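Convention: sequence-line order gives letters A, B, ...; per-chain numbering from 1. If you're wondering where the values come from, they're calculated on a predicted model, not measured in any experiment.
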Amino acid sequence: MKQYHPNEIEPKWQAIWEKTQAFEAEDFSEKPKKYIAEMFPYPSGYGLHVGHVRNFTIVDVLARFYRKLGYNVMRPFGYDTFGLPAENYAIKSGLPPQETTITNINHFREQFGRMGMGVDWSREINTSDPEYYRWTQWVFKRLFEKGLAYQADNFQWWCPVDKTVLANEQVENGRCWRCGSEVEKKRMRQWFFKITAYADELLACIDELDWPEKIKTMQKNWIGKSVGAEVEFEVLDQIPAKNKRQTHAKIKVFTTRIDTIFGATFLVLAPEHKLISQLVTKNTTSKVTQYVTNALRKSEVERQENKEKTGVFTGAYAINPMTKAKIPIWVADYVLGNYGEGAIMAVPAHDERDFEFAKKFDLQIIQVVENNDNDKCYHGEGKLINSGEFDGQQSDKAREEITKELIRRKIGKERTTYKMRDWLISRQRYWGAPIPIAYDKTGKAHVISDDKLPVLLPKITDYLPDDSGRSPLAKDEDFMKVVINGEVMTRESDTMDGYACSSWYLLRYCDPKNAKQAWDKRKADYWNPVDFYVGGDHAVAHLLYVRFWCKFFADEGLIDFREPVKKLLYNGYINAPDGKKMSKSKGNVIDPLEIVEQGYGADALRTYEMFIGPYDMDAAWATEGLSGVYRFLNRIWTLTQEYLKAQKSAQNHTKDQMLSKLQHSTVKRVTEDLHRNSFNTAVAALMEMTNGLYKLKVHGFSKDFESAIKTLLVLLSPFAPHLAAELFQQLGCDIDKAKWPKWDEKYLTAEKVTVVVQVNGKLRGKLEVETESLNDEAQLGKLAKSEPSVKKHLTGQKIKKIIILPKNRLVNIVI
RNA sequence: GGACGAGUGGUGAAAUUGGUAUACACGUCAGACUCAAAAUCUGAUGACCGCAAGGUCGUGAGGGUUCAAGUCCCUCCUCGUCCACCA
């Protein structure tokens, strides 16, 4: 008998699939479509790890399942090759990123193929290909023309190791998302995409998304909408040095609690605030300057670590517009420079941070909201006190009234702010899509016209980043000089954030070879939105950016949908056997190819990773679990071999009821489980069917066995496609021609069923009854009462009530 | 500090709508095959009491709703993830 050797059959089928281009998707097919994709990987130099395999297998299982159901499935693949990780890898290995990228892609593609992934290779894309980034630049141009790509001079996050600025989304706990070093603030002129223009829509649409709640909440928090008011505080004139009147300076603040303005006893400015230098007096200048310089030099981590409030008095005072009181103006780093107005009205009686600050520096505290517990610092709602004409009003009502008053006096208005900032996209790095901009002599930015795209990234030898604050491209004179309309201009030397490239690739998959436009609208509208998008990362950054660009494209009339991803499956990680994260540095990474080569094969690896637990939970790798799954596949192999051997002598006896029931119930379970993405229980159902067939075969193989085995193989094929195809072939058939099996409920109802009998909710006995007699409730109750082990519990008791549930096959006798 | 998850056998886990808790797998134990081992096949396996029949307990802790709770409600504990001085 032939043995199960995955390493013999898997390469065979992989070659067949490649040769026949078995997984090509058809644009505008009559069949209903399914667009299924993973978040495309960055092809790292280390190759695939088992975490990738889980991610890719989920996609592959869904794609193969829906193909069998008759859908026109697009399951593309591509590589996210621009960006920091790729460039850093190239620097480390001493080779140009162009070269390492190609090597890595080839390596990835090969490994990917050996996992048996059914991909439409005609749609393969690579973001660092000029034919791709040409369109990334084109998107930039359209954003620029609509005022959604702009330059601003401001304090930015700067990574001193990677020597580039970073977007807010790329700063994690004050550290660079790539190298983990503490980020600094640097004042620089940078390019931004105005994602905040879509803040409201991005927020409003979240509720309708079929995405995990966790991700939706994270996005909501990230956008961080706050509705409140903006008020101006007039700065009191300094005692003029030369008896000259100064112009009245005003300080704007944002607050969500304008109702507490009567309790605002001081103002606090962020160290970044532009007015500080005008406010200081002779006596305070040196102290304030020192504090500000110090605060700005501090890394974000340092600023966060020390939660002890610090600050310094500017020497200036402002007037509280409601109380007319003279209140001091302070500078403190607990106020953030880039949120709201970078300045606050401090209400120590009703805000903990202000309270702490007032305590430390002995500032006035005035209660303006009543609270029963007499808390010194109370931030709830309540009745206003010490608030002049507004006394006695409820705080929420007072917010509206006071805002009206401020509007009437023209010193305030309603204001909504967001935690989300605009997306900083310029990078002072080499390995990215050049920003398609050139500057004329006056420094005005001109966007490069369509016919001059792509702005090719030149091959340069010295691409190491430096501290100049400019990308290494600035050193390439040929690149920097460009003639536009006869005028010599200087190119922008910064490149775009890699996330720009990944914000539209899902559209490019629909029309990957198009040389005339980024995509054909009809194709994009046919395939999108993505039906299943699978990944385990990028909860806010990438998944927010794709939504932003989608809305922009829709506004531009380039597509007809406003949300790019219908269903998001956020898969968990595969951890090391000890539960710790796998990482190169810990040396505990498991190489999937090694697993395959050890003899387990890709099918066992794939099936194991689906069986390991619910797809969205983290799981620890266990080799014992893998061998269990291998054993299961081996049992299917053996069973089929045994059947083939006995085939000729197989009896053509009457339909085996047990066999039909097993077959149909498994079809039902697996189909329903796949529809609800319960991959682990689907595999369990296949195992049960296999075990069931082993029990049944002791009675000898019937002819019906063949259809049962074939059904099992089709159900198995999304998980273990090689084994299924091979055994199908050995049975003399082509699995490609087999449809996903259907089940018939009539086989699921047996002649006899078990009815559970409870007494007071406790299991006391079981009845075997004819299925037909289930409907006779009176009879069922009678039977239940007379069942010997139930009867025992009823003697001498009065029966209060009998609950009979034929559907649940349950009788509960209440005494 | 805030938001969101999650706590079920020795282990990974199942229970889809409130209705037989622990499916499936690992591990362990036993048996078959074998000179022997591995592989394979078969069976047992929540805890406690009992020769057995059977009984008691049992889904992080405590309370509640219900004929019936892993599932719903309240209080608390532990772990995880993300965010975190956002006015």
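Proximity of residues 670-688 of chain A to RNA chain B (heavy atom under 4.0 angstrom from any strand atom) is restricted to A:Arg676, A:Asn680, A:Thr681, A:Ala684, A:Met687, A:Glu688. Only A:Asn808, A:Arg809, A:Leu810, A:Asn812, A:Val814, listed by number, bring a heavy atom of residues 807-815 of chain A to less than 4.0 angstrom from any atom of RNA chain B.
With sequence neighbours excluded, the residues satisfying side chain to side chain contact (heavy atoms under 4.5 Å, CB included) with A:Asp578 are A:Ala576, A:Lys580. With sequence neighbours excluded, the residues satisfying salt bridge (charged side-chain N to carboxylate O under 4.0 Å, His left out) with A:Lys225 are A:Asp200. Take A:Lys419 and apply the salt bridge (charged side-chain N to carboxylate O under 4.0 Å, His left out) test, not counting sequence neighbours, and it matches no residue. In this structure A:Thr690 satisfies the side-chain hydrogen bond (donor to acceptor under 3.5 Å, both in side chains) test with no other residue, sequence neighbours excluded.
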Dot-bracket for RNA chain B, please, read 5' to 3', with Watson-Crick or G-U wobble pairs under 3.5 Å on both distances, ( ) within the strand, [ ] crossing, | other strand, . unpaired.
(((((((..(((......[....)))((((((.......))))))((((....))))..(((((..]....))))))))))))....
Listed pairs, N/O of protein and of nucleotides 6-12 of chain B, under 3.5 Å:
from   : atom 1 : to       : atom 2 : distance (Å)
B:rG12 : O2'    : A:Ile612 : O      : 3.0

Per-nucleotide protein contact string for nucleotides 43-59 of chain B (B base, S sugar-phosphate only, - none; heavy atom under 4.0 Å):
S----------SSSS--
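Within the structure, salt bridge (Lys or Arg N to Asp or Glu O under 4.0 Å) pairs that include any residue of residues 681-699 of chain A comprise A:Glu642-A:Lys697, A:Arg669-A:Glu688 (at least two apart or interchain). Within the structure, no pair that satisfies the salt bridge (Lys or Arg N to Asp or Glu O under 4.0 Å) test touches residues 613-626 of chain A, not counting sequence neighbours. Pairs passing the salt bridge (Lys or Arg N to Asp or Glu O under 4.0 Å) check and including a residue from residues 258-268 of chain A, sequence neighbours excluded, read A:Arg257-A:Asp259, A:Asp259-A:Arg399.
Taking the P atom of each, B:rU75 and B:rC67 are spaced 24 Å apart, rounded to whole Å.
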